[in-house]
Amino acid sequence: MLRHALTLIWNRRRANRLLVVEIAAAFVITFVLTALAVNLWSNYQRPLGFVYENMWNIGATNTAYAGSMFSRQSHSGTLADVLAALRALPRTEVVEPIMTVPYSDSEWRSEFRGAGDATLSAHINRTTAAALQAIDVELVDGRWFGPADEGQGYRAVLVNRAFVEQSFGPGVEPIGQRIDPPGSEGRGAQRREVRIVGVIEDFRQKGELSDTVPYVIERYEPDDERGPTFSLLLQVAPGTDASFEEQLVATIESVAPGWVASVTPWTQMRERSLSTTLLPLKIAATIAVFFIALVVMGLIGVLWQDVVRRTQEIGLRRALGAAAGSVRRQIQLEMLMVGAFGILIGIAVAIQFPLLELVRRIDWAAATLAIVISAALILLLVALGALYPSWLASRREPADALRYE
Amino acid sequence: MPEPLIALSEVQKIYRTDRMETVALQAVSLTIDPGEFVSIMGPSGCGKSTLLNVLGLIDKPTRGAVTFAGRAVSGLGDAQLAPIRNQELGFVFQSFHLIPDLRVIDNVELPLFYRKGAWRERRRLALEALAVVGLANRVNHFPTELSGGQQQRVAIARAIVGKPSLLLADEPTGNLDSQMSEEIMGLLERLNTEQGTTIIMVTHDQAKADRTRRIFRLFDGQLVH
């Protein structure tokens with residue numbers, strides 16, 4: 001049967017061209033959507049690198065900052081007062097400054113020294129070891145930064161595993177490595193050597209759906225010459241309700257006149273971040289499902305037309321002694337083989353995505369799984385698309401099918 | 001007295017649509033013995049092709065019984081009928097019904113494809129059948145590359161490749177010129193006399209019908225004598 005099917009497919013290669021193109025196009029569309037879904041699902045399954053329950057964000061704006069030269073010394077002094085006042089509140093467990101709060105819209109990136117003279121772009125944050133411990137960031141190598149790094153000639157940083165893997169590769173001890181970008185030495189008095197003191201688990205500041213990226217966390221220094229920090233990470237006692245927010249705001253504004261504070265639980269920020277990330281994806285998925293439905297209908301239409309066109313042939317085969325089931329199986333085998341050929345062409349197109357890095361989220365891991373899922377789905381559709389018309393055609397009496405035009 | 005190869009008893013065939021019923025065959029009874037060459041004649045629309053289809057087990061009668069080699073076949077399902085069609089019957093159609101996407105050799109091999117047997121053996125039998133019809137030099141052509149007469153000879157080769165006991169020919173010369181018709185008639189006669197194949201042929205042509213042993217005349221779905 002296989003040889004016969006191959007002979008027919010080869011001899012009908014011109015007629016099968018449209019079908020092959022349709023199947024290849026359907027495969028590529030399915031592949032892109034599946035690869036994106038696989039990437040998001042795999043991100044969602046990976047550890048986040050921190051906990052968000054009972055964590056609140058306090059944002060503060062200094063109304064005096066825009067109007068006059070801001071004194072960092074006065075800011076750090078006021079901040080110390082604010083921190084002390086907040087720590088004294090009964091439901092406060094931890095309160096620490098942080099440059100960029102997880103799930104917030106903002107992100108900072110900077111260039112660092114990679115392997116050899118190469119540079120590596122990494123996300124950057126700045127906070128204290130106490131803050132990281134409060135959100136259960138796991139230290140996997142080295143030590144936390146802390147008082148030992150005070151007043152040193154280097155700036156102490158923690159990096160995540162992804163940074164180590166992309167920057168140094170296997171077999172290189174990251175602790176003690178200098179990662180400030182090559183050529184930055186001596187560029188102004190504020191430039192200090194940046195040195196790794198510890199490695200943390202992967203930390204995905206942008207949330208569950210985000211990719212794992214190289215991440216650097218600098219030690220917070222109260223009198224940092226690069227500017228003040230206006231975000232505070234607050235861990236509250238379990239069961240603390242929203243009424244505590246008002247108390248927090250009142251406390252800040254009484255200790256630091258001119259500061260305008262706002263409080264947002266991380267759970268709320270997480271929901272907003274997820275919905276912001278998912279909204280365009282939901283819209284794209286809706287359009288994509290509609291598009292795939294069109295492709296599937298087109299595919300079934302082409303298969304239907306192809307099988308109906310062969311009604312006389314089906315009648316002839318049955319007149320020559322083929323059982324209806326045998327003819328059906330043969331047509332389905334042929335269609336599956338044509339489908340497999342279309343999928344092979346689709347795969348040739350699909351592997352260009354990770355190969356040429358056309359879409360950031362479609363890497364080799366997502367692409368491989370997406371190819372398997374899309375191929376299975378398209379073959380199933382082809383089998384189903386050929387099933388009904390071939391069943392209808394083979395139900396006719398052979399004499400009736402031979403008369404069909 | 002030999003057992004008839006095929007027998008019809010009170011066969012009726014009615015085609016039904018939503019709006020009307022058409023009686024194609026009415027109380028047809030006949031027997032055909034092994035080795036006979038018979039023809040079916042009648043005006044257009046009288047039910048000749050329907051009768052041939054019922055005799056060839058590719059259409060089911062609405063009523064009545066069909067017996068093939070002593071076995072009642074009118075109540076059999078597709079799975080039981082398929083091997084009988086494949087091993088005992090061969091068809092030649094007026095419009096040839098060759099598959100245009102298959103080469104001559106593959107078209108001829110088609111009935112053997114539904115039997116057990118090695119590919120080489122199928123090839124050998126197909127080449128043998130093509131040699132019988134004088135087309136051994138056209139095995140790799142496609143049907144569209146052949147003349148009408150050649151296409152009908154390919155169809156005959158396909159019909160005889162499985163060495164059937166009954167050959168059914170529906171106006172086998174209807175689409176051919178006189179010279180080609182003569183060639184095909186000669187071929188059918190040789191198959192009947194030399195190989196003992198039973199042949200039932202539908203024809204409009206009295207001269208060709210006269211060359212067969214018996215003629216069944218059909219009018220308005222009924223046999224007339």
Side-chain angles (χ1 to χ4, degrees), chain A residues 1-20 305-335 337-338 341 390-405, chain B residues 13 15 24 49-61 77-103 105-115 118-119 122-123 140 142-144 155 158-159 161-162 164 168 170:
Chain A
M1 190 178 267
L2 199 65
R3 181 196 286 264
H4 186 68
L6 278 171
T7 306
L8 268 174
I9 289 167
W10 177 249
N11 292 344
R12 286 178 176 152
R13 55 193 179 279
R14 281 173 194 273
N16 285 332
R17 206 175 290 165
L18 173 67
L19 195 55
V20 167
Q305 190 191 14
D306 193 76
V307 176
V308 167
R309 192 173 53 83
R310 295 175 66 180
T311 300
Q312 274 198 359
E313 181 195 323
I314 291 170
L316 174 73
R317 286 176 184 275
R318 291 193 60 206
L320 298 182
S326 166
V327 176
R328 268 201 310 273
R329 280 193 296 278
Q330 187 212 320
I331 287 180
Q332 280 175 320
L333 177 69
E334 276 177 48
M335 289 298 150
M337 288 168 81
V338 171
F341 187 66
S390 62
W391 177 75
L392 274 185
S394 65
R395 270 185 70 205
R396 289 172 180 267
E397 285 295 323
D400 185 28
L402 280 165
R403 279 194 296 268
Y404 184 85
E405 284 184 6
Chain B
K13 178 70 186 177
Y15 291 108
S49 292
T50 303
L51 178 58
L52 196 75
N53 290 341
V54 171
L55 286 164
L57 313 184
I58 60 172
D59 209 352
K60 288 199 166 173
D78 179 64
Q80 288 90 36
L81 284 174
I84 301 175
R85 288 185 202 125
N86 183 247
Q87 287 158 32
E88 304 293 343
L89 307 176
F91 284 94
V92 179
F93 303 98
Q94 182 181 6
S95 52
F96 322 135
H97 279 308
L98 299 175
I99 298 178
D101 300 313
L102 288 179
R103 293 176 191 278
I105 185 82
D106 296 317
N107 265 292
V108 175
E109 240 185 71
L110 214 50
L112 304 179
F113 180 69
Y114 300 106
R115 292 183 191 181
W119 176 77
R122 292 207 304 261
R123 282 271 132 150
N140 284 321
F142 284 97
T144 47
R158 182 182 63 193
V161 70
L168 300 115
D170 190 0

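By convention in this document, chain letters (A, B, ...) are assigned in the order of the sequence lines, proteins followed by strands, and residues within each chain are numbered from 1. In this text, all values refer to a predicted model and were calculated from it rather than measured experimentally.
The shortest distance between side-chain heavy atoms of A:Q330 and B:Y114 falls below 4.5 Å. Side-chain contact check for A:T7 versus B:L102: some heavy-atom pair is nearer than 4.5 Å. Looking only at side-chain heavy atoms (C-beta outward), A:R403 and B:S49 stay at 4.5 Å or farther from each other.
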**Study point:** side chain to side chain contact (heavy atoms under 4.5 Å, CB included) evaluation trace for A:R318 with B:I58
**Key:** CA-CA 8 Å; A:R318 291 193 60 206; B:I58 60 172; over 6 Å; no
Review point. Under the side chain to side chain contact (heavy atoms under 4.5 Å, CB included) criterion, do B:D106 and A:H4 qualify, and how do the steps go?
Key: CA-CA 8 Å; B:D106 296 317; A:H4 186 68; 5.5 Å; no
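Around the CD atom of B:Q80, the shell of radius 6.0 Å holds more than 12 heavy atoms that belong to other residues, nucleotides or ligands. Counted within 6.0 Å of CZ on B:F142, heavy atoms from surrounding residues, nucleotides or ligands total more than 12; the atom is thus considered enclosed. Residue-environment remark: CZ (A:R13) exceeds the threshold of 12 foreign heavy atoms within 6.0 Å.
The parts of B:D59 that come within reach of chain A are both its backbone and its side chain, each placing non-hydrogen atoms under 4.5 angstrom from that chain. B:R158 touches chain A through its side chain: at least one heavy atom from C-beta onward sits under 4.5 Å away, while N, CA, C and O do not.
Between atom CG of residue A:L316 and atom CZ of residue B:F91 there is a gap of 10.0 Å, rounded to the nearest 0.5 Å. For the atom pair B:E109 CD and A:L320 CG, the distance stands at 12.5 Å (nearest 0.5 Å).
Counting only distance, with no hydrogens or angles, the side chain of B:D78 and the backbone of A:A324 share a donor-acceptor pair below 3.5 Å. Judged by distance alone, with hydrogens and angles left aside, the side-chain atoms of A:N11 form a donor-acceptor pair with the main-chain N or O of B:D101 at under 3.5 Å.
Of the listed residues (A:A399, A:A323, A:G315), the greatest number of heavy-atom pairs within a distance under 4.5 Å of chain B belongs to A:A399. With chain B as partner, the option from A:E313, A:Q312, A:R3, A:R310 having the largest number of non-hydrogen pairs under 4.5 angstrom is A:R3.
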